[in-house]
Amino acid sequence: MNAPSYNFAYLDEQTKRMIRRAILKAIATPGYQVPFASREMPMPYGWGTGGVQVTAAILGPDDVLKVIDQGSDDTTNAISIRKFFGKTAGVATTTSTAEATVIQTRHRIPEAPLHGGQVLVYQVPIPEPLRFLEPRETETRRMHALGEYGLMHVKLYEDIARFGHIATSYAYPVKVNARYVMDPSPTPKFDNPKMDNCPALQLFGAGREKRIYAIPPHTNVVSLDFEDHPFARYRFDAPCALCGAGDSYLDEIVTDDKGGRMFVCSDTDYCETRQAAGHRGSESAAPHREVAHG
Amino acid sequence: MTPLAELPAGFADKVLSAQSTFRAVMDAMARPGSVQRIAAVAGAPKGMMPGTAAIALTLFDHDTPVWLDARMSARPDVAGWLKFHTSAPVIADSSVCSFALFGDPRDLPPLDRFAFGSNEYPDRSTTLILQVESFGRGTAVELRGPGIDGTAMLQVSGLPRDLFERLAVNATLFPRGVDVVLVRDEKIVAIPRSTRLAMRGG
Ligand SMILES: [Zn+2]
């Protein structure tokens, strides 16, 4: 028998127990960053070792895993992580948002609505939303303890005074369950509303900073804003050039060396699923497929 | 006390049983009031339900001091089994335990004898594991809060009549507080500190 030299899903059982206990505490205190003893993983920190450890602690043989990076299933990072769990846990993998039970993500929330049987695991580089205001951990911890978020509001309001709008378009801070201010990871603020009242469990892992936090299903998540400057989702004012979607987050891609460019869905599964269903955009390379009606 | 060799076994497959048990506990915690089933089969000492044993094997270790109520303490096999299978220290001081196990929750002491964590570190708190008589009968309570789409209903028998009133301390002290897991055989229900409770007769 050729037993693998690593444990199921790579992590040893002692580490999994510690991470699992942290996840349970995180769920019980939505938005609070639970410290955990992050382990070295066989990949560099920039590759989402926090998310990988959370996924490794929850994953079972019946799970179907999807991994996305900037909305795409096909970046080097996404492919490596998918292969890693395919190999160490033998789990089925998919690119379909609907079919996945566990989705690990960097920088996006899928466009397709999530459902109650799913867990969304975020890779988080900097979990502390107050860090840029206050470098001292003891101070940010005290601010969270007291719910003292006035400085955060002042900073956002200064943005409005200076730029006419809030300049933060990624990692836009949210308040979870009317208590903790939380960093949603570097997702575009376009995705923030998807976190609110989401039927899926959302888990966040920061490897280098050794923090785990959570948003339980159906939890109130509000993007910080002001009465006279309400939160606004930013989106390019055009449909996707490949699938015609008018409701998705778009990436600008260069199409040739003459400066040609187009806007397409950053969520490749969403875009491909729409194209497979016959939706077309202005730049669709493929011929229009006959769509059966009725 | 039973010799070690005669203590009931732990999980047949440690890795996969711990994983599936954890997911049941995680789902319970993420959906307060919902009844989750622990599928993994574990040996358990007399006085400990299979669900309690599976949770212990999944979450306890040398980093998690465990406190036992009088009913659990009266069964010498319980402490021996816990130490043998999980290495968790069984301690007498409830105020610093990670987990507290109740064979008879009707004798639940005042909640402030357990750890609520601090405002800076609310995770440094006790999780109470209460073995109950049944779900679906007894005291009815309505739950609201994170993890619940609107409201959820829970009926439990075998708890102190005033437990749900006493858990109002979780609302007062949040984010400090205690998280509760109720166990009946292989079924579990969680009431994390974020859940708000209202009595509904019964
Ligand atoms: Zn598209």
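None of the values given here were measured: they were computed from a predicted structure. All values below were derived from every heavy atom in this structure, side-chain atoms included, with hydrogens, water molecules and symmetry-related copies excluded. Within every chain, numbering begins at 1; the chains are lettered A, B, ... in the order of the sequence lines, protein sequences first and strands thereafter.
- Note on B:Asp63, B:Asp149, B:Asn119: by heavy-atom pairs under 4.5 Å with chain A, the leading option is B:Asp149.
- Contacts with chain B were tallied for A:Lys25, A:Gln33, A:Arg179, A:Arg142; A:Lys25 has the most, counting heavy-atom pairs under 4.5 Å.
- Of all the listed residues (A:Leu146, A:Leu59, A:Ile23), the one sharing the greatest number of non-hydrogen pairs under 4.5 Å with chain B is A:Leu59.
- Contacts of A:Asp12 with chain B are absent, with no heavy-atom separation under 4.5 Å from either backbone or side chain.
- No other option in B:Lys14, B:Arg193, B:Arg176, B:Arg124 has as many heavy-atom pairs under 4.5 Å with chain A as B:Arg193.
- With a 4.5 angstrom heavy-atom cutoff, B:Ser125 touches chain A via backbone and side-chain atoms both.
- Relative orientation of the B:Trp67 and B:Phe114 rings is perpendicular, given thresholds of 30° and 60° on the angle between their planes.
- For chain B, no part of A:Leu11 is nearby; none of its heavy atoms comes within less than 4.5 Å.
- Chain B forms more heavy-atom pairs under 4.5 Å with one residue of A:Ala28, A:Pro216, A:Ala22 than with any other, namely A:Ala28.
- Heavy atoms of B:Leu59 lying under 4.5 Å from chain A belong to its backbone as well as its side chain.
- Below 30°, between 30° and 60°, or above 60°: for A:Tyr149 and A:His144 the angle between ring planes is above 60°, a perpendicular geometry.
- B:Leu16 CG: more than 12 foreign heavy atoms inside a 6.0 Å radius.
- Side-chain polar atoms of A:Arg82 and A:Thr93 form no donor-acceptor pair below 3.5 angstrom.
- There is no contact between B:Ser20 and chain A, counting heavy-atom distances below 4.5 Å.
- By the 6.0 Å and 45° rule, A:Arg141 stacks over the aromatic ring of B:Tyr121.
- The aromatic ring centres of A:Phe231 and A:Tyr172 sit less than 6.0 Å apart.
- At a threshold of 4.0 Å, the pair A:Glu111-A:Lys194 counts as salt-bridged, since one of the basic side-chain nitrogens sits closer than that to a carboxylate oxygen.
- Chosen from A:Arg17, A:Met18, A:Lys16, the residue pairing most often with chain B at heavy-atom distances under 4.5 Å is A:Arg17.
- Side-chain contact between B:Leu163 and B:Val156 is absent, with no heavy atoms from C-beta onward closer than 4.5 Å.
- Note on B:Ala30, B:Pro192, B:Gly177: by heavy-atom pairs under 4.5 Å with chain A, the leading option is B:Ala30.
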